[in-house]
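Below you'll find the structure, written out as structure tokens, and then a few comments.
Residue numbers start at 1 and run along the sequence shown.
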Amino acid sequence: MSRAVQLILLGVVAFFALVAANRALDLSYMVHAILIALAAIVTFIVVARKMGEDSYSVPAVETGYNEGVVRAGVIATTFWGVVGFAAGLFIALQLAFPHLNLELPWTTFGRLRPLHTSAVIFAFGGNALLCTSFYVVQRTTGARLWGGNLAWFVFWGYQLFIVLAATSYVLGGSQSKEYAEPEWYIDLWLTLVWVAYFAVFVGTVVKRKEPHIYVANWFYMGFILTIAMLHIVNNLAVPVSMFGSRSYSAFAGVQDAMTQWWYGHNAVGFFLTAGFLGMMYYFIPKQAERPVYSYKLSIIHFWSLIFMYIWAGPHHLHYTALPDWTQTLGMVFSVMLWMPSWGGMLNGLLTLAGAWDKLRTDPIIRMMVAAVAFYGMSTFEGPLMAIKSVNSLSHYTDWTIGHVHSGALGWVGMISFGAVYYLTPRLWGRARLYSLAMVSWHFWLATIGIVLYAAAMWVSGITQGLMWREYDDQGFLVNSFAATVEVMHPFYVIRALGGALYVLGGVLMAYNVWRTIRGDQRTETTIGAASGGAATVPAE
């Protein structure tokens with residue numbers, strides 16, 4: 001596409017965005033229209049200033065790969081991670097100390113909670129997936145990213161989605177669907193960005209120089225394709241007005257609930273599991289300098305996970321109006337997920353066969369191994385909680401919160417931290433990270449924080465479940481809801497403490513990454529085996 005055409009399109013977008021802002025029916029829509037107009041104007045200026053140049057794409061480095069977009073992704077991952085963790089700490093403190101729910105409407109728990117979940121899942125986790133998938137697919141195919149500057153459109157378009165979604169929550173805009181709160185026009189924009197992402201990734205695989213498609217790319221492709229399907233179907237809606245943020249869902253009643261949790265559970269299964277398994281299958285072998293323990297097992301892991309996960313969503317709707325056979329189907333497939341999940345966990349851990357000594361000397365591999373251990377624990381606990389008799393106790397309690405965070409903070413967070421630490425010195429051409437001692441501190445802060453958080457929520461959740469089902473000899477409830485909330489207070493304080501440690505670890509990572517990018521190196525007595533030097537290619 002020529003620059004002249006780009007300028008025309010950007011001008012048209014800015015014009016119609018300003019018209020939409022003028023005719024907006026609600027505050028959220030108006031603010032977003034103004035943000036889109038500003039984004040179009042800024043991009044217009046950038047493109048116009050490059051009119052006299054032959055190319056404004058990021059120049060290729062010695063390898064011939066597009067590493068500029070990967071570098072931007074590492075920085076975005078680090079930034080959004082700290083923001084998302086800090087937001088989580090604040091709302092945890094709000095639950096422990098309700099006076100922190102200020103009179104300002106945009107600071108209340110109800111608005112900040114989806115801000116936190118989206119910041120951690122989609123901003124931190126999403127950027128980690130974007131940058132690592134772009135890095136891995138180039139290294140394992142021997143090909144530069146397909147589509148030229150399309151990868152940069154994916155990156156900046158995704159950042160715009162994050163900003164639109166976050167401001168929507170703060171301003172009170174939400175379609176009230178878990179993990180799918182953004183309104184219809186934000187969903188449309190994300191669909192466009194995601195299609196471009198799929199095109200870049202698959203186009204790179206198609207033009208590969210290596211005949212074999214490495215297993216990490218299968219997991220990344222499965223994640224991208226399935227999330228596209230889930231996102232489109234779950235967000236089918238009819239806008240009330242083209243100049244307002246509200247819409248009517250295409251589904252209603254129990255069908256809407258089933259569609260939502262088909263999406264919700266598989267957002268966990270493919271966004272927070274399959275994509276990060278692709279990360280595991282590349283970065284653990286690279287950091288450990290060992291091939292994958294069993295490549296055949298990794299393929300079995302992929303296909304069994306892909307087939308089984310998609311059916312497990314109904315376990316979120318036990319004891320509801322959903323037909324009993326559907327609930328049972330979800331429960332059965334959830335229990336079956338134990339096999340592929342633990343197969344993948346063992347494959348990751350056994351990759352260190354003959355290299356377990358690296359756990360003493362390399363804090364990065366220690367972080368990655370801890371991530372796989374949390375993955376195994378979470379994928380045992382999830383099917384357990386899907387069993388109806390267990391779910392009758394755990395559902396709607398803090399046990400679910402503990403389960404989600406042991407997976408999100410332990411599995412997603414730790415494997416992402418390890419990938420960021422692996423990538424940073426290599427992308428900026430440094431001999432090693434600024435400080436490996438800080439990586440070790442980050443590991444212990446994060447691990448202790450997760451244990452405090454999850455253990456507090458496990459005890460809190462089981463206590464809640466038992467108190468809610470306690471009856472006297474005449475069949476009346478023994479405990480009021482307010483009484484159960486009062487009992488939860490010390491556990492909520494412990495959770496906030498664990499979250500504070502996790503946030504502190506994230507801040508240490510940001511500082512470490514920043515100093516590494518600058519080229520600084522902290523003088524340390526021992527470096528161990530975690531230098532930024534070359535490692536073997538992860539394949540059998």
Is [Y] close to [X] at the side-chain level, that is, under 4.5 Å between some pair of heavy atoms?
X	Y	result
Tyr220	Val136	yes
His405	Ile450	no
Phe283	Thr132	yes
Ser406	Glu381	yes
Thr320	Val254	no
Ile75	Val513	no
Val487	Met467	yes
Leu164	Glu183	no

Classify the ring geometry of [X] against [Y]: parallel below 30°, tilted from 30° to 60°, perpendicular beyond 60°.
X	Y	answer
Phe417	Phe85	perpendicular
Trp152	Trp156	parallel
His316	Trp261	parallel
Tyr375	Trp411	tilted

So, does [X] use its side chain to make a donor-acceptor pair with the main chain of [Y] at under 3.5 Å?
X	Y	value
Tyr158	Phe122	yes
Ser133	Leu130	yes
Ser341	Trp338	no
Lys177	Tyr263	no
Glu181	Ser176	no
Asp472	Phe476	yes
Gln175	Trp184	no
His489	Ala96	yes

Who pairs with Leu192 by side-chain contact (heavy atoms from CB on, under 4.5 Å), at least two apart in sequence or on another chain?
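Residues passing side-chain contact (heavy atoms from CB on, under 4.5 Å) with Leu192: Phe153, Trp189.
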What's the shortest heavy-atom distance between [X] and [Y], and which atoms?
X	Y	value
Thr328	Lys388	OG1-NZ, 3.3 Å
Thr77	Ala128	OG1-N, 3.1 Å
Leu337	Pro340	O-CD, 3.4 Å
Ile310	Asn266	CA-OD1, 3.2 Å
Val74	Leu423	CG2-CD1, 4.0 Å
Ser245	Asp26	N-OD2, 2.9 Å

Could you name each residue pair satisfying side-chain hydrogen bond (donor to acceptor under 3.5 Å, both in side chains) that touches residues 87-114, not counting sequence neighbours?
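Passing the test, one end in residues 87-114: Arg113-Glu178.
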Measuring from [X]:[atom1] to [Y]:[atom2], what's the distance to the nearest 0.5 Å?
X	Y	atom1	atom2	answer
Thr191	Asn235	OG1	CG	7.5 Å
Arg23	Leu18	CZ	CG	14.0 Å
Ile186	Thr167	CD1	OG1	6.5 Å
Met457	Met488	CE	CE	8.5 Å
Asn234	Asp187	CG	CG	8.5 Å
Ser416	Asn127	OG	CG	10.5 Å

Sole residue of Asn479, Leu393, Thr397 in side chain to side chain contact (heavy atoms under 4.5 Å, CB included) with Trp468:
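Answer after filtering Asn479, Leu393, Thr397: Thr397.
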If we ignore angles and hydrogens, is there a donor and acceptor under 3.5 Å between the side chains of Arg469 and Ser392?
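Judged by distance alone, the side chains do pair up.
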What I want to check is whether the side chains of Gln159 and Trp80 have a donor and an acceptor closer together than 3.5 Å.
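Judged by distance alone, the side chains do pair up.
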Suppose the criterion is ring-ring contact (aromatic ring centres under 6.0 Å, His included): which pairs have a residue in residues 16-40, not counting sequence neighbours?
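Qualifying pairs, neighbours excluded: Tyr29-Tyr185, His32-Tyr185.
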Strictly under 6.0 Å, is that where the ring centroids of [X] and [Y] end up?
X	Y	result
Phe90	His116	no
Phe333	His315	no
Tyr197	Phe134	yes
Tyr453	Tyr502	no
Trp194	Phe201	no
Phe380	His403	no

Does the side chain to side chain contact (heavy atoms under 4.5 Å, CB included) test come out yes or no for Leu305 and Leu277, once each step is laid out?
CA-CA 11 Å; Leu305 192 81; Leu277 285 169; 3.6 Å; yes
Identified ring-ring contact (aromatic ring centres under 6.0 Å, His included) partner of Phe223 from the options Phe271, Trp218, Phe270:
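By the ring-ring contact (aromatic ring centres under 6.0 Å, His included) criterion, Phe223 pairs with just one of Phe271, Trp218, Phe270: Phe271.
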Please determine whether the number of non-hydrogen atoms from other residues, nucleotides or ligands lying under 6.0 Å from atom OH of Tyr319 exceeds 12.
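It does: Tyr319 OH has more than 12 such atoms within range.
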Counting only heavy atoms not in Met242 (residues, nucleotides, ligands), do more than 12 fall under 6.0 Å from its CE?
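For Met242, atom CE is not crowded (no more than 12 foreign heavy atoms under 6.0 Å).
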Derivation of the side chain to side chain contact (heavy atoms under 4.5 Å, CB included) call for Val332 and Trp311:
CA-CA 9 Å; Val332 170; Trp311 299 93; over 6 Å; no
Run the numbers on His301 and Phe219 for side chain to side chain contact (heavy atoms under 4.5 Å, CB included), then give the verdict.
CA-CA 10 Å; His301 178 203; Phe219 277 98; 3.7 Å; yes
May I have the step-by-step check of side chain to side chain contact (heavy atoms under 4.5 Å, CB included) for Ile401 and Arg495, ending in yes or no?
CA-CA 11 Å; Ile401 310 302; Arg495 167 172 61 182; 3.7 Å; yes
